[in-house]
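If you read the sequence from its start, that first residue is 1, and numbering goes on from there.
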Amino acid sequence: MRETGVLLHISSLSTEFGIGDFGPSAYRFARSLAQQDYNIWQILPINHCGYGNSPYNPVSAFSISPNLISPELLYQKGLIDLQTMNDAKLPGGNCVFYESVNKAKGIVLAKAAETWLQQNDVLAFIEANAYTLKPYLAFLALCKVYDDCAWYLWDEAHRSYSESLFWQLWKTNENYMKTCAASQAMLMDQVISFKAVLAENGLTLVGDMPLYLSYESADVWAHQALFDLEEQGNRLHLAGVPPDDFAAEGQLWGNPIYNWHAMQQDGFQLFIQRINHALAYLDKLRLDHFIGYVNYWQVDCDYDAQGMCQTPSNAKQGQWVPALPRQFFSRLVERFGNERFIAEDLGILNNDVCEIRDSFGFPGMIVLQFCFEDSIPKVHEYPADRWLYTGTHDNSTLRGWFEALPIDSASRRNLNDYYRQNK
């Protein structure tokens, strides 16, 4: 059975608050999709963004971005008053101005948290989500103390996470940590309500999970033994991809590499927890950079005089290193089955990647924009177990792609021929 869907991140929805959110605009879009007989809505990661405001560079893989809170829903629930909601409104536009959004949403969340904390047991909420929430709250508190999230430069006493450190920080940062915890509780409540609206309209919700985690994140800070780090937390190698037709110098992401053998020792618990957390509200999950679960591109660091890893100028000087795909995916399928996953198998495919994808029964992807570069795509002959995208989060929109095509390009010629053949 063929189904149709739309890839649109929550932040791209139109609201009066400078950024899309999980409120009425999301509900309206869901109903519009259903009315047009779409079956699927795919979003990007909704995690609390770190440097660059990228959902692929989160402060924590378990947190939800405070910027995605809906002031309208907070008002409807009596958590803020009308004036507070109206004060958070920002001019509309085609871009998100994060500095303004951060300030406005921060005020809203602080006031909503005051009310929420009067009505709920925040410590019970924290303990119920201790594995994911306690490191996040401690990390945010220390980022505030140091005015910097570069944990590897913090004092020795703060350079690694522990339960005792959490409670030490609680003594001096209790109000701030309570507000952050309440914010996550309110955000999750809105996400679950959003998911219920999609279910009412017969829509499948698909999400996206980055392979790597941000170096300056609560997750790396709290689980350093699971990453390719030296004793002081310095990265030993960097993540990225080698040069290809789209990037002559490769892509150097800078994330720390996993220590896959250490991950295996505890049953890949960090990944299992991440996926379990995501599937609490998602129907399906796309595994971004699927190739990296099979073999990953490892780039050596350049080191400064203090022995700190410095980012090289490009990703050319690297090597492919095998991960532990059979061990990891066996654990994954044992826990969750294979029906809820999509392999984002784009990039430098080899036989090993294809064999792992197929042997575990994960559907792969085809990006239509790429297909027009080589020939006239025969879409109806594509394998039934592939997800066909016009483009992904790494591409321009379909309209942007078309408008940027040179008049004499092969893609434009093939596209025109495709239309003529499929009138």
Side-chain angles (χ1 to χ4, degrees), residues 9-26 45-55 57-93 95-120 122 125-126 129 133 135-150 169-170 172-191 194 214 216-218:
H9 193 36
I10 299 298
S11 63
S12 296
L13 293 165
S14 177
T15 73
E16 294 184 286
F17 303 96
I19 191 171
D21 59 41
F22 288 109
S25 62
I46 61 172
N47 307 112
H48 187 166
C49 299
Y51 177 77
N53 297 304
S54 169
N57 190 47
V59 169
S60 168
F62 300 99
S63 61
I64 303 171
S65 171
N67 287 335
L68 300 182
I69 197 78
S70 167
E72 292 163 292
L73 295 187
L74 293 177
Y75 170 67
Q76 290 174 17
K77 286 210 163 190
L79 292 168
I80 58 173
D81 58 28
L82 183 61
Q83 186 64 50
T84 299
M85 183 187 77
N86 287 333
D87 287 346
K89 292 180 179 179
L90 296 168
C95 298
V96 175
F97 294 96
Y98 279 97
E99 186 174 348
S100 299
V101 169
N102 290 338
K103 182 178 179 180
K105 290 288 181 84
I107 294 171
V108 166
L109 276 168
K111 292 187 176 181
E114 288 181 14
T115 307
W116 189 93
L117 289 166
Q118 293 168 8
Q119 302 170 353
N120 297 273
V122 70
F125 173 71
I126 291 171
N129 299 277
L133 192 55
Y136 170 70
L137 297 176
F139 186 76
L140 290 184
L142 286 168
C143 288
K144 189 169 183 286
V145 168
Y146 286 97
D147 193 27
D148 192 342
C149 291
L169 292 168
W170 186 267
T172 53
N173 299 272
E174 180 178 346
N175 290 337
Y176 178 68
M177 293 167 77
K178 280 183 174 180
T179 296
C180 293
S183 297
Q184 288 300 305
M186 292 183 288
L187 281 156
M188 182 52 75
D189 180 63
Q190 291 194 1
V191 170
F194 163 72
S214 172
E216 295 181 358
S217 69

What distance separates [X] [atom1] from [Y] [atom2], expressed to the nearest 0.5 Å?
| X | Y | atom1 | atom2 | result |
| --- | --- | --- | --- | --- |
| L169 | Y176 | CG | OH | 11.5 Å |
| M188 | F22 | CE | CZ | 9.0 Å |
| L142 | N173 | CG | CG | 7.5 Å |
| L109 | M186 | CG | CE | 5.5 Å |
| I107 | I80 | CD1 | CD1 | 11.5 Å |
| L117 | T179 | CG | OG1 | 6.0 Å |

Quiz prompt | Atom OH of Y146 with >12 non-hydrogen neighbours under 6.0 angstrom | solution =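 Yes.
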
Quiz prompt | Over 12 non-hydrogen atoms of neighbours within 6.0 angstrom of CD in Q119 | solution =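 Result for CD/Q119: enclosed.
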
Quiz prompt | Stepwise side chain to side chain contact (heavy atoms under 4.5 Å, CB included) test for K105 and D21 | solution = CA-CA 11 Å; K105 290 288 181 84; D21 59 41; 4.3 Å; yes

Quiz item: What side chain to side chain donor-acceptor pair (under 3.5 Å) pairs are there with at least one residue in residues 62-82, not counting sequence neighbours?
Solution: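 Found N67-N102, K77-D189, D81-T84.
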
Quiz item: Quick one: side-chain hydrogen bond (donor to acceptor under 3.5 Å, both in side chains) partners of N86, sequence neighbours excluded?
Solution: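 Counting only residues at least two positions away or on another chain, N86 forms a side-chain hydrogen bond (donor to acceptor under 3.5 Å, both in side chains) with K89.
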
Practice problem: Please confirm whether the backbone N or O of L79 pairs with a side-chain atom of T115, one donor and one acceptor, at under 3.5 Å? | Solution: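 At least one qualifying donor-acceptor pair exists.
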
Quiz item: Would you find a donor on one side and an acceptor on the other, under 3.5 Å apart, between the side chain of N57 and the backbone of G50?
Solution: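 No; zero donor-acceptor contacts below 3.5 Å.
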
What are the two closest non-hydrogen atoms of [X] and [Y], and how far apart are they?
| X | Y | result |
| --- | --- | --- |
| H9 | P45 | CE1-O, 3.1 Å |
| L137 | A181 | CD2-N, 3.6 Å |
| F139 | C149 | CZ-O, 3.7 Å |
| A112 | L74 | CB-CD1, 3.9 Å |
| P58 | N47 | CB-CB, 3.5 Å |
| L90 | A104 | CD1-CB, 4.4 Å |

Exercise. Could you walk me through whether Q83 and D87 pass the side chain to side chain contact (heavy atoms under 4.5 Å, CB included) test, one step at a time?
Key: CA-CA 6 Å; Q83 186 64 50; D87 287 346; 2.7 Å; yes

Could you tell me if the side chain of [Y] sits less than 4.5 Å from the side chain of [X], heavy atoms only?
| X | Y | value |
| --- | --- | --- |
| M177 | I126 | no |
| H48 | S60 | no |
| Q184 | I64 | yes |

Practice problem: List for me each residue that meets salt bridge (charged side-chain N to carboxylate O under 4.0 Å, His left out) alongside K111, sequence neighbours excluded, and say none if there are none. | Solution: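 So K111 forms no salt bridge (charged side-chain N to carboxylate O under 4.0 Å, His left out) with any residue.
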
Exercise. Would you check, one step at a time, whether the test side chain to side chain contact (heavy atoms under 4.5 Å, CB included) holds for I10 with F194?
Key: CA-CA 11 Å; I10 299 298; F194 163 72; 3.9 Å; yes

